[in-house]
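Working notes, beginning with the structure itself.
Quick caveat, the model's predicted, so the values are computed rather than measured.
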Amino acid sequence: MTEHIDKHRILHLMEHWIEHNESHLKSFNEWSRKIGEAGYEEVAAKILEAAGKMEECNQKLQQAKDSI
């Protein structure tokens, strides 16, 4: 049986993914600060890099959503 995929479902998925990623971004930023303050600056920097990639991901998801 083929799954039904329509515009509404795609928009719902993208909104969910963007919201989910935003939650992770908040956590990444908070923990990066705490980890850096604990003396693990290199680890904190890598977490911030990951946060930047998550932001890029959300930009692409938003662009995809906008193109529907």
Side-chain angles (χ1 to χ4, degrees):
M1 180 177 218
T2 303
E3 190 172 1
H4 180 70
I5 298 175
D6 62 12
K7 180 178 177 177
H8 175 75
R9 180 147 190 215
I10 296 167
L11 288 171
H12 176 76
L13 281 170
M14 292 201 192
E15 288 167 2
H16 170 75
W17 293 335
I18 290 168
E19 183 179 307
H20 185 84
N21 288 349
E22 288 295 330
S23 173
H24 284 301
L25 268 169
K26 183 179 177 186
S27 179
F28 287 178
N29 287 321
E30 288 174 6
W31 277 101
S32 175
R33 180 185 53 76
K34 291 175 186 180
I35 289 167
E37 288 172 356
Y40 298 94
E41 292 86 8
E42 186 174 341
V43 175
K46 293 296 181 188
I47 294 169
L48 285 180
E49 283 182 45
K53 298 292 184 185
M54 186 75 70
E55 288 173 346
E56 289 178 35
C57 179
N58 271 0
Q59 289 171 0
K60 293 297 180 186
L61 287 170
Q62 186 63 52
Q63 289 170 2
K65 183 180 162 199
D66 292 344
S67 70
I68 294 177

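Trp31 and Leu48 fall into different hydrophobic clusters, where Ile, Leu, Val, Met, Phe, Trp and Tyr side chains are chained together by heavy-atom contacts under 4.5 Å. The hydrophobic cluster containing Phe28 does not contain Trp17, counting ILVMFWY residues as joined when their side-chain heavy atoms lie under 4.5 angstrom apart, directly or transitively.
We find the NZ-CD distance between Lys60 and Glu56 to be 8.5 Å, quoted to the nearest 0.5 Å.
Looking at Met14 and Ile10, their side chains come closer than 4.5 Å, going by heavy atoms from C-beta outward. Side-chain contact between Glu15 and Lys65 is present, with heavy atoms from C-beta onward closer than 4.5 Å.
Across every non-hydrogen atom of Ser67 and Ala64, the tightest pair is OG-O, 2.7 Å. Nearest heavy-atom pair, Asn21 versus Cys57, reported as atom, atom and distance to 0.1 Å: ND2-SG, 3.7 Å. Taking all atoms of both residues into account, the shortest heavy-atom contact from Ala51 to Leu25 is O-CD2, 3.1 Å.
Counting heavy atoms of neighbouring residues, nucleotides and ligands inside a 6.0 Å radius, atom CD of Glu42 does not exceed 12 of them. For Lys34, the NZ atom counts as densely surrounded, since its 6.0 Å shell holds more than 12 non-hydrogen atoms of other residues, nucleotides or ligands.
No side-chain donor-acceptor contact under 3.5 Å links Gln62 and Asn58. Under 3.5 Å, the side chains of His16 and His12 contain no donor-acceptor pair of N or O atoms.
For Glu49, the salt bridge (charged side-chain N to carboxylate O under 4.0 Å, His left out) partners two or more places apart in sequence, or in a different chain, are Lys46.
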